**Q** 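Pasting in a structure now, in structure tokens, and then I'll have a few things to ask.
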Amino acid sequence: MGKHKHNGTLVCVRSFNATPMMLMAVLLLTASLSNSYAQEVLLEAESFDEKGGWFIDQQSMDVMGSPYLIAHGIGTPVADATTTVRFPKKGTYYVYVRTRNWTALWSDKAAGQFQLLVDGKPVPKTFGVSSKNWNWIPGGKIKINDVNTTVALRDLTGFDGRCDAIYFTQDKNSPPPNDIDEMDDMRVRLLGLDTSPKTDRYDFVVIGGGMAGTCAAISAARLGVKVALVQNRPVLGGNNSSEVRVHLGARINLQPYPALGNLVNEIGPSRGGNAQPKDYYEDDKKLKAVLAEENISLFLNHHANQVEMERDKIVKVYAENLETGEKIGFEAPLFADCTGDGTIGFLAGAEYMSGRESRSTFNEPTAPEVADNLTMGISVQWFSEKMDTPIGFPDIDWGLPWSEDKSFAITRGDWDWETGMGKDMVRETEFIRDYGLLVVFSNWSFLKNKYSRKEEFSSERLKWVAYIGGKRESRRLIGDYILTENDITGQNFLSDGTAPSSWTIDLHYPDEENKEKFNGAAFRSIAKHIKIYPYPIPFRCLYSKNVNNLMMAGRDISVSHVALGTVRLMRTGGMMGEVVGMAASVCKEHNATPRQLYENHFSELEVLMEQGVGNPDLEKIQNYNLGATLLESERKL
Amino acid sequence: MKVAQFLFLILPCALIVSFIGNEQSDDLYFEIKEIRDGEGLLDRYETYIRTPVCEDDKCYLVEIMFFWDLMGRYVGYDTIPGQQLTKLDHIPFTSEDYQKLDRLLKDSASPIGKYSKEELIKDTRESEVDGFSGATIQEVKEQVVSGGVYSCHTLWHIAHSGEVIDSLKNWTKASLTKPFVKKLVKLDDQELNYFLINSFKDEEFDLYLPEVILMMKQAEGYFVKNTIEAIPSNVIHDSLSQTYFASEFKKLNYFSQVALLKKLKPNNLILEMKDVLHGELSEKNSIKNKLIHNLID
């Protein structure tokens, strides 16, 4: 566990090992509380002391109720996850494992199989094979001979088996509940979770540690604002982290505020390229930049999923520690939703849009005649590496039916391995990501085992496949202004313009040929571009119209679907973060809401935007993936 | 990557750029000439290139005409009558090959610019370490004429040589005169317009003010803001300039307005400008309002 010095106190930078204290919290002898309960133990997989080769996946926790462990071994079983459990007493227990067979939606075979080992011995049942939905699967009866017993998850396939939790009970007829709310109650009861969590107070709480949130936090901190940055992954950077591996795109240091982007330049990676080796994404550079700020308290591995409101203001946001389930409260006069999904706005009742607006909604030429739910998709990128000697890959029996004409004889899957368009980007994240995994594995297994020129791939090893999906679009929170295509193409520059969006209006659609070949479920996409002049995003797009102390930066700002096509690029999101951080300092100074800033103090934000918060003297390294604009010339200063 | 060596000689009337390329020790030499229009104003540049290109120990002669515009942007080529381009083994270019060459040369952003000749024919795998996938080189291969990879590479690097572009721009810049600037402004070319405001010396803005105003009238994006920032303060306060800005003020975008307000000084405002500024005041807290107050209060 890393620790970060902060104003004389130590703030935990949540990392990666559970503590003995935590394990104590996991176990509770409920019989001592009430005789009506049996002897029971709830063990959250994500709380295991040693995760082995298993990863914590929180992407769907708001839907299925919890983070879980996933055995993402890319075809090679991962090392066991292990922990020591303190049972209330020796004796016979019935065991249940909350898991699912993720390939059951497409196949009668199971990709991700695993065993549960108690005291080194597998329980009779193999898991990950039966239920297509998350369910408590009975694992049979075990005998506990020692109250301190080792429990392990043993991956059998390396193909994304997953385990949420394990439940032991001495009562033969009491399987745990499947209902999410009842499960929450059970967690609180059995894990001893504090129902009135500790709350800390800040000037500004930023939820989401992608490029937008990270820049927002640093920007505010440098201007004297006490910030909490809450991120639900172990790393910062979001889509630009080594977990997703999308390179930064679009331009910085543009008119009308050339100093915006200096911070993006400062913390952004120096090399471009999608789906490249891990070190391209320089996770540490972003982390170090945040840790260098005395005014930032960083909470990695914390997922914010609850808000407390007072009329139209957020008073507190609560975030759950992904490993322990413990909640922390963050109290502040001002919040920024940099979650991408607009999670905080949604919880706070902020008005939002999703899908595509009809042409008549904003009179946008590029909008469809009729509104629909088609969004851009989630990318599951991958690449292989050439080895010195031939290497095999399992000839899987649970993949999609594949053939020569369906195969992609390539060694890298870039952004256009994109799927889920038309699905619910928030509620169906697990399904969309899983379909992305399924097609990557189906294609690769075919190339390695059945392809007519398979010898060309014989020494290729599937090195990396994302298990964190790269999401482009979900909820767009509505602000006092909704930016549309016509504003941008008509160069309707508004006086509250801030960070300039320079990428094309770049909207993605399912690749029709691919869609046809795969029964309507495309996993390859195409992009359509409209070049623009850099357009300064109005400040009124960066705060919620009806949650009065909530700002946004990143893809969840107040734009139409079409306008999202340009503003969604990460360098642009980073600059929005710079602006939102500056705005936080002005709001703090005047005890003002973002709307009051716009109405009464905007000149101060203009001055800050002219000054910038990033180091202007650093070498300009953000020279890759700039994208085409109509502005190909500039004045030499 | 081996960088070709260039050497320039500039002569009046017939501009000669002497280009010496050091590719496998073969020096490449050519002269670039300026072409003038009927009015005697500079119009474009052309050159006749004649160079042997060697591929796998076999050499063939490349003879071709190249054209660049006044900004040093490659605009096209022409063949020499009776001198077909040839590929390996002296097979003549087909019409598809010529079209392919044309497409390649007109693609100033072609990835071919990033690779040396040697890299183009390497095992594509080896290049993955620098962040470009094997597929990218494959893409380059698809852009070039099969059997004529080296000549395509040599010609592209001449067409888009930074040194050639810079020298041609400098030549254009040195040739600026009132009638020539008038002609250039009519072309309504954004890059050219930026080139002009970047080229004018402070004392020249006065001379070219009518042309500068014309460029602003037809401009998009941030050209007006950038131009205002480039114009010296005394020229901004010139009555022609102030009259123009006073009449156009409402049409300028916010950021151009702010740039102008930052340039103006309270003691030098003409009446029309003062009236406009009074009318622009609002209750809103903005830099614009603050600047206007500083000018008229």
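In this text the structure is predicted, and so the values were computed from the model without any measurement. So you know, we letter chains A, B, ... as the sequences are listed, proteins then strands, and number each from 1.
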**Q** Sequence neighbours excluded, which residues qualify as side-chain contact (heavy atoms from CB on, under 4.5 Å) partners of B:V276?
**A**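 For B:V276, the residues satisfying side-chain contact (heavy atoms from CB on, under 4.5 Å) (neighbours in sequence not counted) are B:A246, B:F249, B:E280.
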
**Q** For residues B:G221 and A:F493, report the shortest heavy-atom separation together with the two atoms involved.
**A**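 Closest approach of B:G221 to A:F493: O-CE1, 3.9 Å.
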
**Q** Relative to chain B, which segment of A:P534 carries a heavy atom at a distance below 4.5 Å: side chain, backbone, both, or neither?
**A** both

**Q** Could you walk me through whether B:E220 and A:Q491 pass the side-chain contact (heavy atoms from CB on, under 4.5 Å) test, one step at a time?
**A** CA-CA 8 Å; B:E220 293 190 272; A:Q491 295 178 50; 3.1 Å; yes

**Q** Taking all heavy atoms of A:L630 and all of B:Q190, pick out the closest pair and write down the distance.
**A** O-NE2, 2.8 Å

**Q** Within a 6.0 Å radius of atom CG on B:D297, are there more than 12 heavy atoms belonging to other residues, nucleotides or ligands?
**A** yes

**Q** Measure from the ring center of B:Y222 to the ring center of A:Y533 and say whether it is less than 6.0 Å.
**A**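 Ring centres of A:Y533 and B:Y222 not closer than 6.0 Å.
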
**Q** Roughly how far apart are A:E599 CD and B:S286 OG, rounded to 0.5 Å?
**A**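 It is 13.5 Å, given to the nearest 0.5 Å.
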
**Q** Distance from A:E606 atom CD to B:K288 atom NZ, nearest 0.5 Å?
**A**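 Atom-to-atom, A:E606:CD and B:K288:NZ are 10.5 Å apart.
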
**Q** Residues two or more places apart in sequence or in another chain: which of them pass side-chain contact (heavy atoms from CB on, under 4.5 Å) with B:K274?
**A** B:L269

**Q** Show your reasoning for whether side-chain contact (heavy atoms from CB on, under 4.5 Å) applies to A:S603 and B:K284.
**A** CA-CA 9 Å; A:S603 62; B:K284 193 169 174 293; over 6 Å; no

**Q** Which heavy-atom pair separates B:N285 from A:F602 by the least distance, and what is that distance?
**A** OD1-N, 3.0 Å

**Q** Rounded to the nearest 0.5 Å, how far apart are CG of A:N492 and OH of B:Y254?
**A** 14.5 Å

